Structures are given as structure tokens and as C-alpha cells.
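This report refers to the structure that appears directly beneath it.
Residue numbers start at 1 and run along the sequence shown. Treat the numbers as computed from the prediction; the structure is a model and nothing was measured.
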Amino acid sequence: MSHRKFEAPRHGSKGFLPKKRSKRMKGKPKAFPKDDPSKPVHLTCFMGYKAGMSHIVREVDRPGSKVNKKEVVEGVTIIETPPMVAVGVVGYIETPRGLRALKTIWAEHIGE
């Protein structure tokens, strides 16, 4: 077996470990914004998948900066969001142990 005679920097980030296959096919949202009861009912989560990266050229508008009114190249992330269809609504009730699903209403007809 071969080995290094001297030390060398590691190859790759440890932030992407462990390298293994995902447990589930779809992603799972794990963080939601705080709910504001004064606002009307709205969508709090929407799934998106990182499809890749690209770069853009944009003009910087930052007075006092060295790059003010100049074009800079920046990296951007491309997020793919599949079409979403609402198939039902779940109503929750506040209990001493937290939220509990009160009623689930499924759609009668799902149109295109």
C-alpha cells in the first residue's frame, strides 16, 4: 500500500460529508417563517431544487464604493420549482401540547 511521505491539504470540503444516497426521493422543508395572525392565510412553504449555477453581469449601484457604476460578474444559483397543484387544506387547532390537525379537506376535482 502506498502512502504520502509528507502532509498535504485536504481535497474538498467537510461540509458535504457524509457522501451517501438520500433517504427520501423528495426534499423535506425543515424551517418555516413565524406566523403572523394579523395577516390573511397564505402559502408558507414551496419546494425548489438546486438545478445548477451560472453567472451574470450586473451594474453596481453603491455610492462610495470603488465598483460604483461599474459592471461586475457574480455567481447565481438556479432553482428549479416544479408546478404546484393544491389538492387539499388542513385545519389546525391549538392544544396544550402544540398544534393538532383538526380537519383535512381534499379537493373534489383537480383541474389543469
Show the atom names and distances, to 0.1 Å, of all donor-acceptor pairs under 3.5 Å that link a side chain in residues 74-98 to residues at least two apart or in another chain.
residue : atom : partner : partner atom : Å
Glu74   : OE1  : Arg58   : NE           : 2.8
Glu74   : OE2  : Arg58   : NE           : 3.4
Glu74   : OE2  : Arg58   : NH2          : 3.1
Thr95   : OG1  : Arg97   : N            : 3.4
Thr95   : OG1  : Gly98   : N            : 3.4
Thr95   : OG1  : Gly98   : O            : 2.4

Would you be so kind as to tabulate the donor-acceptor pairs closer than 3.5 Å made by side chains of residues 6-17, with sequence neighbours excluded?
residue : atom : partner : partner atom : Å
Arg10   : NE   : Gly12   : O            : 3.1
His11   : NE2  : Arg4    : NH2          : 3.4
Ser13   : OG   : Gly15   : N            : 3.0

| field | For the student: nearest non-hydrogen atoms of Ile110 and Ala107, plus distance | value | CG1-CB, 4.3 Å
| Would you say Val67 and Val73 are hydrophobically clustered, going by side-chain heavy atoms of ILVMFWY under 4.5 Å? | no
| query | Do the non-hydrogen side-chain atoms of Val57 and Val72 ever get within less than 4.5 Å of each other? | reply | no
List the atom pairs, donor and acceptor, that lie under 3.5 Å between side-chain atoms in residues 30-41 and the rest of the protein, sequence neighbours left out.
residue : atom : partner : partner atom : Å
Asp36   : OD1  : Ser38   : N            : 3.4
Asp36   : OD1  : Ser38   : OG           : 3.0
Asp36   : OD2  : Ser38   : OG           : 3.1

